[in-house]
Student: 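Could you have a look at this structure, given as structure tokens, before my questions?
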Amino acid sequence: MTTPQHSAVRARTSPAAGAPAIEFVGVNKNYLSHGETVPAVKRTDLAIAQGEFFSLLGPSGCGKTTTMRMIAGFEEPTAGKVYLDGEDVTGVSANKRDVNMVFQSYALFPHLNTHQNVAFGLERKKVAKSEINRRVGEILEIVSLTGMEKRSPKEMSGGQQQRVALARALVNRPRALLLDEPLGALDLKLRQQMQIELKRIQREVGITFVYVTHDQGEALTMSDRIAVMNAGVIEQLGSPRQIYERPASRFVAGFIGTSNIVEGHVDRVEGGLALLSYTTQDRVVVPAGSPVRQGDKLEVSIRPEKIDLHRGVPPVQSTGGSVLSGTVTEVVYHGTSTNYTVATAAGADFTVFDQNASNADDLADRGDRVYLTWAPQHSYLIGD
Amino acid sequence: MNRVKRQIAPYLLVLPGGIWLLIFFAVPMVAMLSLSLQEGDIVHGYQFTGHWQTYTEAISAYQTQIYRSLIYGAITTIVLIAMAFPIAFWIAFYGGRRKSTYLFLVLLPFFVSFVLRTISWRQILTDEGPLLSPLRDAGLIGQSFHILGTPFAVIGGLVYNFLPFMVLPIYVALERIDPRVVEAARDLYANPITTFRRVIFPLALPGVFAGVLMTFVPASSDFVNSEVLGSSDTTMIGQVIQAQFLDNSDYPTASALSFVLMLVLLIGVFTYARILGTEDVMKVAAR
């Protein structure tokens, strides 16, 4: 369907090769609300590399949309500077910035048809008519909308409108494409389809994508790097794997996937492992990268799929790993796995995902006394 | 049984309005049409004779007033668009949380009777009034300068009286524009002027269209503004009809003129809608 010669859509090589596609230096953004200054984005430094698929992830009101709107030029930082390809664009209005946006509600021009919508930016740039027609045709092919040129937005489905919005932005070969929760309005099936589609298009055109979402699954599957934001601050910036496996804060651990978080005081430090004891047999072992001392209060996060659940049989003590006893309070069967909620001796409720690999006869029931064990490397010291 | 009920329900809903229209619109229309074809006088009564010559006589006698009314109506409408668009635009995009307050202010004069409002303009614009006498004392205008009695005063009165009917539909159209669509235009390299020309204005055209319909027709057939603010040189067809009915009791001529006016306005409005129907307006603007 898509032909290989997308030279026309590929991002031009940047004038300042080596400079990040987008850079924030000491950016602050405050809003004035009812006479009070409300910080939306607090002192942020950020560098997004050329051709990267970069996600801004966080709950609503975390400042991710404001951050994106500062890149687009719809908002100006209260303090700090914004650079595009190494060029200072702080104070440059949106129509003079070489980035394009895909809006959450698509924001297509309702009085224009598909072709006119997509051609809008090129017409403003005074591109020759024949060139416009060629490029619009080409981009519509990439987003699989060939033949829809004369349709008006209201004659198209949500998914099709989404593609028009994408084409309308991409056809200008921007230095970066900004996507504001672009799949939010689509149903699950279409959403998953569009996620794959977006990744493919990004690979084909090689443009930097900045993707704003509150959906952690979407961010994890699509991104090269993710910035997790909360209350106007980037809590963690890293690859999906780093963010999932090594959450930098309790917020990140809780926001990305499911985490069990347990608190405790250090009893003993032995060979880089800190030991937190609750009873004589209930203990959590965590690798301590930074020096911890006896009596320190620690927060440890454990992913539910890393935990083994033993029904009634006290596990062998010699593994050197963590052991917590508890009572099953909830069992939810999910087909491929069973999710347990266990009230543990450490005081925290634990979620455990148990793969239904063997015969499901040995399922624990509500009220059963169980033991949870996991290897030391699966405990992660938050903020380490 | 239930299905029958469900099927007739819409017709039942239309019934009150339908009966109203029948009694107060259709019946008088037929009565007036018949009246315009009758002959006689108020003392001896009127007889239906099918005397259609009343029409040609009325048209040739009052064509100046008919033309004048249409021209005044057209000028009023154009001035209204020019004045109402900025007002509606400002309220829709810069009104913030006070939008309803500003709309209320636009409507506020309407809490005073139409005639009273127009008469108060007469007080303001009169030669000895608060506007002209200081200007004349200051030597800025000559002794022979008048506003009252000129077409300027009449059109000014019409514009004043119909302003909300233009502001409101344009406001509604502008208010419905998704701010993201405006941002999208900016994002796609359109400067503020281009954004207005290519996106905001085309999307507001249905409102302008509705506003024109709501002002051109009543402005063209108005009989108060010229009566109060004008002179014999500004007589509009509405005044003529009123005078024929109430002063001269020449019912056939008055009815005939009413029908002529109605026909002219209908043709005008339909031509306008034909050329600039909402959909087509969009297409023209999109080019």
Side-chain angles (χ1 to χ4, degrees), chain A residues 33-34 65 68-69 71-75 92-127 150 152-154 161 164-174 176-182 185, chain B residues 85 88-89 92-99 101 169-212 273 275-287:
Chain A
S33 166
H34 301 284
T65 299
M68 162 168 286
R69 290 172 64 81
I71 301 172
F74 294 131
E75 308 281 355
V92 174
S93 66
N95 54 314
K96 292 184 181 137
R97 289 194 193 186
D98 214 357
V99 294
N100 289 117
M101 189 146 166
V102 176
F103 291 82
Q104 187 170 9
S105 50
Y106 318 137
L108 298 179
F109 303 120
H111 57 303
L112 304 182
N113 66 28
T114 301
H115 178 93
Q116 290 163 332
N117 261 287
V118 177
F120 193 92
L122 296 177
E123 279 169 5
R124 301 286 82 74
K125 281 176 151 182
K126 307 264 184 286
V127 174
K150 296 276 176 275
S152 84
K154 61 173 180 285
Q161 290 184 34
V164 177
L166 199 59
R168 184 177 69 171
L170 278 176
V171 76
N172 306 299
R173 303 176 202 162
L177 185 73
L178 313 176
L179 301 106
D180 186 9
E181 310 234 5
Chain B
F85 207 104
F89 185 87
F93 290 107
Y94 299 95
R97 277 175 297 156
R98 296 238 171 78
K99 277 180 189 169
T101 313
I170 296 178
Y171 167 79
V172 170
L174 287 172
E175 169 75 349
R176 274 176 40 197
I177 298 176
D178 179 358
R180 305 280 163 186
V181 169
V182 179
E183 282 188 346
R186 302 280 286 140
D187 188 56
L188 294 163
Y189 321 115
N191 60 35
I193 294 166
T194 313
T195 304
F196 179 81
R197 208 167 51 79
R198 299 302 302 272
V199 177
I200 298 173
F201 187 69
L203 290 176
L205 273 180
V208 176
F209 182 79
V212 168
I275 299 172
L276 290 173
T278 335
E279 284 295 312
D280 298 331
V281 171
M282 305 272 224
K283 280 178 195 139
V284 170
R287 235 175 260 146

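Residue numbers start from 1 in every chain, and the chains themselves are labelled A, B, ... in the order their sequence lines are given, proteins ahead of strands.
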Student: Out of curiosity, Tyr106(A) OH to Asp178(B) CG, how far, rounded to the nearest 0.5 Å?
Tutor: 12.5 Å
Student: Less than 4.5 Å to any heavy atom of chain B: does that hold for the side chain of Leu108(A), its backbone, both, or neither?
Tutor: backbone
Student: Any idea which heavy atoms bring Ala107(A) and Ala184(B) closest together, and the distance?
Tutor: O-CB, 3.7 Å
Student: Roughly how far, to the nearest 0.5 Å, is CE of Met101(A) from CG of Leu188(B)?
Tutor: 11.0 Å
Student: With side chains defined as the heavy atoms from C-beta onward, is the minimum distance between Asp98(A) and Tyr189(B) less than 4.5 Å?
Tutor: yes
Student: Just how far is it from atom CZ of Phe103(A) to atom CZ of Arg180(B), taken to the nearest 0.5 Å?
Tutor: 7.0 Å
Student: Evaluate the criterion side-chain contact (heavy atoms from CB on, under 4.5 Å) for residue pair Phe109(A) and Arg198(B); output intermediate values, then yes/no.
Tutor: CA-CA 10 Å; Phe109(A) 303 120; Arg198(B) 299 302 302 272; over 6 Å; no
Student: Is it the backbone or the side chain of Gln104(A) that comes under 4.5 Å from a heavy atom of chain B, or both, or neither?
Tutor: neither
Student: Looking only at heavy atoms, which two atoms of Ala190(B) and Asn95(A) are closest? And how far apart?
Tutor: O-CB, 3.3 Å
Student: Where does Arg97(A) contact chain B at under 4.5 Å (heavy atoms): side chain, backbone, both or neither?
Tutor: backbone
Student: Counting only heavy atoms closer than 4.5 Å, note whether Asp187(B) contacts chain A via side chain, backbone, both or neither.
Tutor: both
